[in-house]
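Reviewing the structure listed below.
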Amino acid sequence: KPVIFSGMQPSSDSLHLGNYIGALTQWVGMQQTFDAYFCVVNLHAITVAQDPAELAERTRATAAQYIAAGIDPDQSTLFVQSHVPAHAELAWVLNTITGFGEASRMTQFKDKSIRHGADKASVGLFTYPILMAADILLYQADTVPVGEDQRQHVELTRDLAERFNSRYGQTFTVPKPQILKETAKIYDLQNPTAKMSKSAATEAGLLKILDDPKVTAKKIMRAVTDADGEIRFDRETKPGVSNLLTIFAVLSGRTVESIEREFEGRGYGDLKKALAEVVTDTFTPIRERTNELLTDPAELDRLLARAADRANSVAQETLNTVYDRFGLLRR
Ligand code: TYM
């Protein structure tokens with residue numbers, strides 16, 4: 001079976017609709033046909049300061065949300081990044097073949113470092129994409145299902161894999177990103193030209209899986225639209241309405257056209273009310289199942305440990321080859 005690898009940071013109290021649509025739903029659909037690795041990337045999360053107790057809790061909660069959304073831990077390898085030391089070890093080696101200029105061109109680093117203050121951003125934040133390359137390459141992944149914001153990082157991963165292979169001999173599979181056109185970028189409900197993100201200035205435009213349904217409905221009813229009053233998809237001139245239509249279509253399995261037709265001549269309030277129902281119907285079972293799973297953290301930890309063993313044996317094999325190629329003595 002071809003291999004897929006993907007991951008999310010446990011850096012928020014809940015995954016959001018962008019994570020769900022851009023990544024998680026894709027993963028669920030792919031896990032049967034691929035040898036799938038889904039990682040909770042806690043080493044990535046610490047590139048900006050985290051509260052330790054919260055990070056631990058959110059790491060379990062993220063794993064629980066994967067399962068609750070439909071990742072089957074018996075079928076897929078669902079594990080925590082820090083449980084497999086090879087991620088940090090390969091990242092170090094890859095650091096040594098990455099150009100400073102090359103790393104400096106990563107737009108997500110530029111955005112994030114501006115937000116944290118250029119001089120205050122950690123070196124870890126700077127080398128973050130190289131750790132991500134290590135994640136992917138350790139498992140010889142063919143495909144990396146992600147949202148649009150991760151495209152440049154997967155491109156860097158490809159460059160590093162090709163460079164390594166040509167300098168040191170065939171070692172890594174060169175992975176391809178899988179970014180679905182319609183769902184690659186879900187926008188903030190308050191600022192519909194910016195991507196929905198946990199680091200937005202306010203949470204008013206952020207739909208969180210674990211939010212109370214009343215909160216979710218309220219955020220949708222207050223979503224920014226426009227003044228012309230027509231329910232029609234047009235990303236350029238009607239970004240707010242277009243985002244609502246995209247979300248509606250993806251979650252209901254309908255086409256945008258059929259939704260436009262249903263709401264022809266009706267107001268935004270009607271569309272929002274119907275959308276709030278679709279979103280809360282999607283989130284409610286996931287939230288309930290997540291909370292259920294979190295009542296037994298010991299069981300969750302057992303499951304993650306088992307997956308870590310599996311991941312570790314694959315990752316270690318790749319790392320051994322890398323060490324041999326570099327002339328790094330192995331014990
Ligand atoms: P993270 O945790 O920021 O996001 C997890 C996934 O959600 C997608 N996503 C979105 N998709 C559509 N619209 C949005 N508004 C939106 N917001 C987030 C992201 O594209 C991502 O797929 N660097 C990664 C984590 C990572 C990783 C990896 C991913 C670490 N190692 C290896 C793939 C393979 C990140 O920070 O994602």
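Values below: every heavy atom of this structure, side chains too, minus hydrogens, waters and symmetry copies. Read the numbers this way: they start at 1 and go in the same order the structure lists the ligands and their atoms.
Taking the six-membered ring where the residue is Trp, the centroids of Phe79 and Tyr66 are separated by 6.0 Å or more. No close placement of the Phe34 and Phe5 rings is indicated, their centers lying 6.0 Å or farther apart.
In terms of hydrophobic clustering, with Ile, Leu, Val, Met, Phe, Trp and Tyr side chains grouped at heavy-atom distances under 4.5 Å, Leu24 and Tyr37 are assigned to different clusters.
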Can I get a per-line list of side-chain donor-acceptor pairs under 3.5 Å for residues 183-190, giving both atom names and the distance, sequence neighbours left out?
| unit_1 | atom_1 | unit_2 | atom_2 | d |
| --- | --- | --- | --- | --- |
| Asp188 | OD1 | Gln190 | N | 2.7 |
| Asp188 | OD1 | Asn191 | N | 3.2 |
| Gln190 | NE2 | Arg222 | O | 3.0 |

What are the atom names and distances for all N or O pairs under 3.5 Å between ligand 1 and the protein?
| unit_1 | atom_1 | unit_2 | atom_2 | d |
| --- | --- | --- | --- | --- |
| ligand 1 | 2 (O) | Gln9 | N | 2.9 |
| ligand 1 | 4 (O) | Asn19 | ND2 | 3.4 |
| ligand 1 | 7 (O) | Asn19 | ND2 | 3.1 |
| ligand 1 | 11 (N) | Gly18 | O | 3.2 |
| ligand 1 | 13 (N) | Ile186 | N | 2.8 |
| ligand 1 | 15 (N) | Ile186 | O | 2.8 |
| ligand 1 | 15 (N) | Met196 | N | 3.4 |
| ligand 1 | 15 (N) | Met196 | O | 2.9 |
| ligand 1 | 20 (O) | Gly147 | N | 2.8 |
| ligand 1 | 20 (O) | Asp149 | OD1 | 2.4 |
| ligand 1 | 22 (O) | Gly147 | N | 3.3 |
| ligand 1 | 23 (N) | Tyr128 | OH | 2.6 |
| ligand 1 | 23 (N) | Gln150 | OE1 | 3.0 |
| ligand 1 | 31 (N) | Asp135 | OD2 | 2.7 |
| ligand 1 | 36 (O) | Gln9 | NE2 | 2.8 |
| ligand 1 | 36 (O) | Tyr128 | OH | 2.4 |

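A donor-acceptor contact shorter than 3.5 Å links the side chain of Gln31 to the backbone of Asp72.
The existence of a salt bridge linking Asp301 and Arg60 is confirmed by a sub-4.0 Å separation between a basic side-chain nitrogen and an acidic carboxylate oxygen.
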